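Counting from 1, the numbers follow the sequence of the chain as shown. Here the structure is a predicted model, which means the values were calculated and not measured.
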Amino acid sequence: MAISSTSKSNAEKMANELAHSLEATMGRLQNIWDEIGIMEEQRKDRRKVVLHHLQALLEEMVAEEENLRTRLLQSVEDCGKELLKISKELHVPVYEPEEGLTILTLEKELRIRVDTLSKEKHDRMKQLGSLQEKEQQLCDTLCTTPFYIAPDTVPSNDQLAKLRQHISTLQTEKNTRQEVFLETKRKIITFLDDLDLTPNSSFERDVVCEDEESFVLSSDNMATLKTLCAELEKKQNDLIALASDLRIQVTTLWDRLMVEQSEREAFNRGNQGFKPRVLKALREEIERCRELKLQNIRRYVEGLRAEITQFWNKCYFSQEQRNQFTEFFSDDFTEDLLEVHDQQVASLKQYYDNNRDILKFVEKWEDLWKKMLEFERRANDPSRYNNRGGGLLQEEKERKKVHKLLPKVEEEVSRAIKEYEQKTGQPFLVDGCPFLDYVTAQWNKHNEEKEQEKHRRHVAKAKQLEEEQKNGSRPATTPKRRFLTTPTKTPTKRKKTPKTPGNRLPKQNRPPLPGSGLRKALAERNTPDRSHAGFSTSTMSGASSGTNTSLMSCGTYSEFSRELRTDCRSSVINSTRSPDEEVVHL
């Protein structure tokens, strides 16, 4: 092989570099030998050793490179043979390398081609195995012939595509037949149960008793299955008309007599289908229900009246509206009365369904109203101040929320009612009157009850003061609680609570401001004339009569503490206490 000029130039350059390196190395060795004092004869021997090593190294390198060339050539030959074989198996053109490629490049190209085609062959064979397994299962189920591919051959891409299409067709056919089989099987089981029959032939047992996946979905089996279902359906049709009429009669009587659903289900569970035994049971049930209808009209009318009462309450009917249904109070329990009550229930149900949204708003307002009344009731309970877990703060937040929502819900109800009245041209009544009048009446009733309660408290307090003046007062606390701690720091500015938005009610009927219930409860708790406070002229030792009068006029605990610090003698207040609190000896 001719050596190119570039290779020759590189070889000369490498030879010069080696000569230069050898010369430098020998110079260093010469200097070392001089320092050591090695004789010239020994130096010659050492030079021969150096030359021998260099020659051996070069020969070894040449041998290794020749071995590499041999292996590359062998690999090129092997890859070429393998590539030719795989190309034929895969039905692809044989690779033709370019001219002028080096041995190393040619070997690499052939090896890559062989790896690529080997991987493709492996993938095709793997796909073929998986597809043939699926195909065989479908063919066994449908009793059909598999798609033919010659054994021990690598399938082409076209063959694999056709096999996939064949499998898809078989799977679709199987799904269709399976669906028909399951539906027909369900019908056959129902027919057998209704007709009180059991599977007789082996085919019927295969359909009904065996596992669904084990049934062979062949064309013959599907045709036989269809015939069996048609025969059973024909037997059933002979009894359908009579049984249907009997069931209609029974159902009508059950509805009229308001038979419980559980009793109906119990009868139906034991008398399903159209068997002669069931037909006999239906006839007997008809006779029984006719007798019960005559005997128990009163009980069933009363049941309808209970349902009517529930609808009246849900629809907020007034007593006058309820009285308009005069049959509700009739004692003449006849079939006509039963029919009238049935019609009334249907009418009320339709009214409720048509006005469900408005009635839900009214119900929401009622719930908020009850919560507000409950919060006011709690505000008047002195025991609520014994809470140490933040319950009062949470209660106050909820109370403010209720006061805020109440007028909003009222506006929603009013708006919905207005739309209803504009649409229907008829008034919508709550408890026999317009909604706003109903709300006003509730507020008036609530205010009257509050005034009555306030009057009762004043009467009780006056009676208590009268008893104390006659018999003398006594401390309300135990002997161990003889000190009252009074904070010296009092709030200079109170947080103003926003007023509740108006709701088109008279001012005296609007809900109290948020926090008023709590402030009122605090004021009443700290009022001197409460039985547990007990501030009277005999409870302050060393105090003048004027001081007692001032204390009795205090409305709140803060006023009481200010009056106490102003009017009491220095001997009453312990000046050694901390700046944050003072102690009053009772």
Worksheet item: Any salt bridge between Arg456 and Glu453, counting N to O under 4.0 Å?
Response: yes
Discussion item. Would you compute the distance between atom CG of Asp245 and atom CG of Leu279 and round it to the nearest 0.5 angstrom?
Written reply: 11.0 Å
Worksheet item: Less than 6.0 Å separating the ring centroids of Phe317 and Phe325?
Response: no
Practice prompt. Can you sort out the partners of Lys349 under salt bridge (Lys or Arg N to Asp or Glu O under 4.0 Å), two or more places apart, ordered by chain and number?
Written response: Asp353
Worksheet item: Are there more than 12 heavy atoms of other residues, nucleotides or ligands under 6.0 Å from atom CD of Gln350?
Response: no
Discussion item. Suppose we screen for side chain to side chain donor-acceptor pair (under 3.5 Å). Which residues come up paired with Glu374, at least two apart in sequence or across chains?
Written reply: Arg377, Arg378
Item to complete: Would you list the pairs meeting ring pair (Phe, Tyr, Trp, His ring centres under 6.0 Å) in which at least one residue belongs to residues 217-252, sequence neighbours left out?
Response: none
Fill in: side-chain contact (heavy atoms from CB on, under 4.5 Å) against Thr198, all qualifying residues, sequence neighbours excluded
Asn200
Fill in: Non-neighbouring partners of Phe328 that pass ring-ring contact (aromatic ring centres under 6.0 Å, His included), sequence neighbours left out
Trp312
Would you be so kind as to tabulate the donor-acceptor pairs closer than 3.5 Å made by side chains of residues 126-133, with sequence neighbours excluded?
residue, atom, partner, partner atom, Å
Gln127, OE1, Arg164, NH2, 2.2

Discussion item. Applying side chain to side chain contact (heavy atoms under 4.5 Å, CB included) to Val250 and Arg264, what does each step give before you reach the verdict?
Written reply: CA-CA 10 Å; Val250 170; Arg264 301 186 186 193; over 6 Å; no
Worksheet item: Is it true that a side-chain atom of Glu421 and a backbone atom of Phe428 form a donor plus acceptor pair closer than 3.5 Å?
Response: yes
Worksheet entry | Any donor-acceptor pair under 3.5 Å from Gln422 side chain to Glu419 backbone | no
Fill in: Residue pairs involving residues 183-192 (criterion salt bridge (Lys or Arg N to Asp or Glu O under 4.0 Å); sequence neighbours excluded)
Glu183-Arg186, Lys185-Glu212
Fill in: ring-ring contact (aromatic ring centres under 6.0 Å, His included) partners for His166, two or more places apart
none
Worksheet item: Mind checking what makes ring-ring contact (aromatic ring centres under 6.0 Å, His included) contact with Phe181, not counting sequence neighbours?
Response: Phe215
Worksheet item: Looking only at atom types and distance, does a side-chain atom of Thr141 sit under 3.5 Å from a main-chain N or O of Gln137, one as donor and one as acceptor?
Response: yes
Worksheet item: Please walk me through it: do Glu231 and Lys235 pass salt bridge (charged side-chain N to carboxylate O under 4.0 Å, His left out)?
Response: CA-CA 6 Å; Glu231 292 175 355; Lys235 293 179 181 179; over 6 Å; no
Worksheet item: Sub-3.5 Å donor-acceptor pair from the side chain of Ser244 to the main-chain atoms of Ile240, do we have one?
Response: no
Item to complete: If the plane angle is over 60° it's perpendicular, under 30° parallel, otherwise tilted; pick one for His446 and Trp443.
Response: perpendicular
Discussion item. Could you tell me if the side chain of Gln319 sits less than 4.5 Å from the side chain of Asn323, heavy atoms only?
Written reply: yes
Practice prompt. Nearest 0.5 Å please: distance from the CG atom of Leu232 over to the OG1 atom of Thr190.
Written response: 10.5 Å
Item to complete: Answer whether the closest heavy-atom distance between the side chains of Glu233 and Asn237 falls below 4.5 Å.
Response: yes
Worksheet item: Does the side chain of Gln171 come under 3.5 Å of the side chain of Asn175 through a donor N or O and an acceptor N or O?
Response: yes
Discussion item. When you measure from the side chain of Asn221 to the backbone of Leu217, do you find a donor-acceptor pair of N or O atoms at a distance under 3.5 Å?
Written reply: no
Practice prompt. Check the surroundings of atom CD in Glu265: do more than 12 heavy atoms from other residues, nucleotides or ligands lie under 6.0 Å from it?
Written response: yes
Practice prompt. For Glu285, enumerate each residue passing the salt bridge (Lys or Arg N to Asp or Glu O under 4.0 Å) test, keeping only those at least two apart in sequence or located in another chain.
Written response: Arg288
Worksheet item: Considering only heavy atoms from C-beta outward, does the side chain of Leu282 approach that of Asn271 to under 4.5 Å?
Response: no
Worksheet item: Does the pair Arg177 and Glu173 meet the rule for a salt bridge (charged side-chain N to carboxylate O under 4.0 Å, His left out), with working shown?
Response: CA-CA 6 Å; Arg177 293 187 183 183; Glu173 182 64 22; 2.7 Å; yes
Worksheet entry | Glu467, Glu468, Glu466 screened by salt bridge (charged side-chain N to carboxylate O under 4.0 Å, His left out) with Lys470, the one that passes | Glu466
Fill in: Cationic tip of Lys314 above Phe311 ring, under 6.0 Å, 45° of axis
yes
Discussion item. Once rounded to the nearest 0.5 Å, what's the spacing between atom NZ of Lys454 and atom CG of Asn447?
Written reply: 11.5 Å
Worksheet entry | Heavy-atom side-chain proximity of Leu142 to Ser218 below 4.5 angstrom | no
Discussion item. Any heavy-atom pair between the side chains of Trp365 and Val439 that's under 4.5 Å?
Written reply: yes
Worksheet item: Who pairs with Phe267 by ring-ring contact (aromatic ring centres under 6.0 Å, His included), at least two apart in sequence or on another chain?
Response: Trp254
Worksheet item: For Arg247, what residues pass the salt bridge (Lys or Arg N to Asp or Glu O under 4.0 Å) criterion, not counting sequence neighbours?
Response: none
Worksheet item: Could Arg298 and Glu302 be called an ion pair, given the rule that one side-chain N must be under 4.0 Å from one carboxylate O?
Response: yes
Worksheet item: Are the side chain of Ser347 and the backbone N or O of Gln343 linked by a donor-acceptor pair below 3.5 Å?
Response: no
Worksheet item: Do Ile417 and Ile358 touch side chain to side chain, with heavy atoms closer than 4.5 Å?
Response: yes
Worksheet item: Can you find a heavy atom in the side chain of His455 that is under 4.5 Å from one in the side chain of Glu451?
Response: no
Practice prompt. Answer whether the closest heavy-atom distance between the side chains of Leu348 and Ile308 falls below 4.5 Å.
Written response: yes
